[in-house]
Amino acid sequence: MEFPKELIQKLKSARSVLFFTGAGISAESGIETFRGKGGLWNKMKPEELASFDGFMRNPNLVWEWYQYRRKIVRDTGPNPGHTTIAEFEKYIDDVTVVTQNVDNLHHRAGSTNILELHGNIERNFCMDCRTFYGIKDFLDVEEAPKCPKCGGMIRPDVVWFGEMLPQDIFAEAEGKAKMSDVCFIVGTSAVVYPAAYIPLSAKEGGSYLVEINIEPTEITNLVNCSLMGKSGEILPELINYFKGEI
Ligand code: BV8
Ligand code: ZN
């Protein structure tokens, strides 16, 4: 695969690179995306399953859905898209991953600087005493569990629709985006806010924007370079090409 000279030039001189990722980067690990063909939101209503009110209305249904997604994540692993991003840390001083994904696969791929905008399904917390619990504490628990300490309701540590993102993490992500030399936008439809402001902040900061997606998206007309295809195939090819050039 050929890559634009400008992209390789920008990468060779880059001190800081940011990877903004969405569900598409985990598709090749067998994790369904949300929109697009076979997407989760085609089968289930986000407001019912990924919202506080939905959880209050039917905690067992929502808990069951997260246990189902946790099993899928447990039975799979990172793909070459995730591992290549981790590998870039060997060649570029400052590599940051800003992800919308809650599947923990960037961690498992070995990336060391990850900002999770929407939380992580491998964590739970008590809504009353705020005690945190891992997934091992409730491995095969089918109904929404109560807190062993105070009896409060346990919920997944994810950001539901209508809920605020963790402000410190969002602010750090915006700062990193603004100062990045190159910003990759990988496997996201970029329609969920305020996460979708991150690539815009990178553009504002003068970063070179590269989109990797199997199809055009909301921001394709904003980027400097659009690489159409699967991230699990394009990213390994890109780093090999890059390594050949340095
Ligand atoms: C909030 C965690 C308010 C839970 C998630 C402004 C305008 C319009 C609407 C809003 C707005 N501001 C706020 C809103 C409302 C809402 C929103 O954005 N709605 C959208 C749908 C219009 N935002 C919120 O509710 C946010 N909170 O605003 O709070 C507030 C303010 C002040 C005070 C109090 C409250 C919270 C949003 C976070 C919701 N939580 N996840 C869970 O996962 O269970 S969002 C969830 O969906 C994901 O985290 C992700 O962010 C999003 C899915 O998007 P993608 O990851 O992009 O996935 P998608 O399937 O869409 O696309 C996949 C892409 O990959 C496709 O382009 C496909 O072509 C591509 N692809 C597929 N395979 C591959 C590939 N690419 C490469 N390789 C492949 N192999
Ligand atoms: Zn508690």
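All values below were derived from every heavy atom in this structure, side-chain atoms included, with hydrogens, water molecules and symmetry-related copies excluded. All ligand and atom numbering here is 1-based and tracks the order in the structure.
Checking only distances, Asn213 does come within under 3.5 Å of ligand 1, N or O to N or O. The distance criterion of under 3.5 Å between nitrogen or oxygen atoms is not met by Leu165 with respect to ligand 1. In terms of polar-atom proximity, defined here as any N/O pair under 3.5 Å, Thr188 does make such a contact with ligand 1. Between Asn101 and ligand 1, no pair of N/O atoms sits closer than 3.5 Å. For the pair Pro194 and ligand 1, the shortest N or O to N or O distance does not fall below 3.5 Å. At least one N or O atom of Gln100 sits closer than 3.5 Å to an N or O atom of ligand 1. Remark: ligand 1 and Arg69 share an N or O pair separated by less than 3.5 Å (distance only, no angle test). Looking at ligand 1, you'll find an N or O of His118 within less than 3.5 Å of one of its N or O atoms. Residue-to-ligand polar distances place Gly187 within reach of ligand 1: an N/O pair is separated by less than 3.5 Å. Note: an N/O pair closer than 3.5 Å links Gly162 and ligand 1 by distance alone.
Atom CD of Glu163 sits in a crowded spot, with more than 12 heavy atoms from other residues, nucleotides or ligands closer than 6.0 Å. Annotation: Lys230, atom NZ; neighbour count of heavy atoms from other residues, nucleotides and ligands within 6.0 Å does not exceed 12.
Heavy atoms of Ala27 found under 4.0 angstrom from ligand 1 belong exclusively to the side chain. At a heavy-atom cutoff of 4.0 Å, ligand 1 is contacted by the backbone of Val191 but not by its side chain.
In this structure, a donor-acceptor pair under 3.5 Å is present between the side chains of Ser26 and His82. Side chains of Thr21 and Gln100: no donor on one and acceptor on the other come within 3.5 Å. With hydrogens and angles left out, the side-chain atoms of Ser29 and Thr76 include no donor and acceptor closer than 3.5 Å. A donor and an acceptor atom, one from each side chain of Asn104 and Asn120, are located under 3.5 Å apart.
Under 2.8 Å from the Zn ion (ligand 2), one finds the following protein N/O/S atoms: Cys126 SG, Cys129 SG, Cys147 SG, Cys150 SG.
Ring-plane geometry between Phe242 and Phe88 is classed as tilted, the angle between the planes lying from 30 to 60 degrees on a 0 to 90 degree scale.
Listed by atom number, the atoms of ligand 1 under 4.0 Å from Glu215 heavy atoms are 69 (O). Of all atoms in ligand 1, listed by their number and element, those nearer than 4.0 Å to a heavy atom of Ser231 are 77 (C), 78 (N). Near Glu28, meaning under 4.0 Å from one of its heavy atoms, ligand 1 places the atoms 78 (N), 79 (C), 80 (N).
Exactly one of Asn224, Val182, Val186, Val17 qualifies for a side-chain contact (heavy atoms from CB on, under 4.5 Å) with Val210. That residue is Val182.
Within the 3.5 Å criterion, the main-chain N or O of Asn213 finds no donor-acceptor partner in the side chain of Thr217. Remark: the backbone N or O of Ser201 is not paired with any side-chain donor or acceptor of Glu204 at under 3.5 angstrom.
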Q. Where do Tyr133 and Phe138 land on the ring pair (Phe, Tyr, Trp, His ring centres under 6.0 Å) test, with the steps shown first?
A. CA-CA 8 Å; Tyr133 297 93; Phe138 309 106; 5.5 Å; yes
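When the ring pair (Phe, Tyr, Trp, His ring centres under 6.0 Å) test is applied to Phe184, the partners found at least two apart in sequence or on another chain are Phe19.
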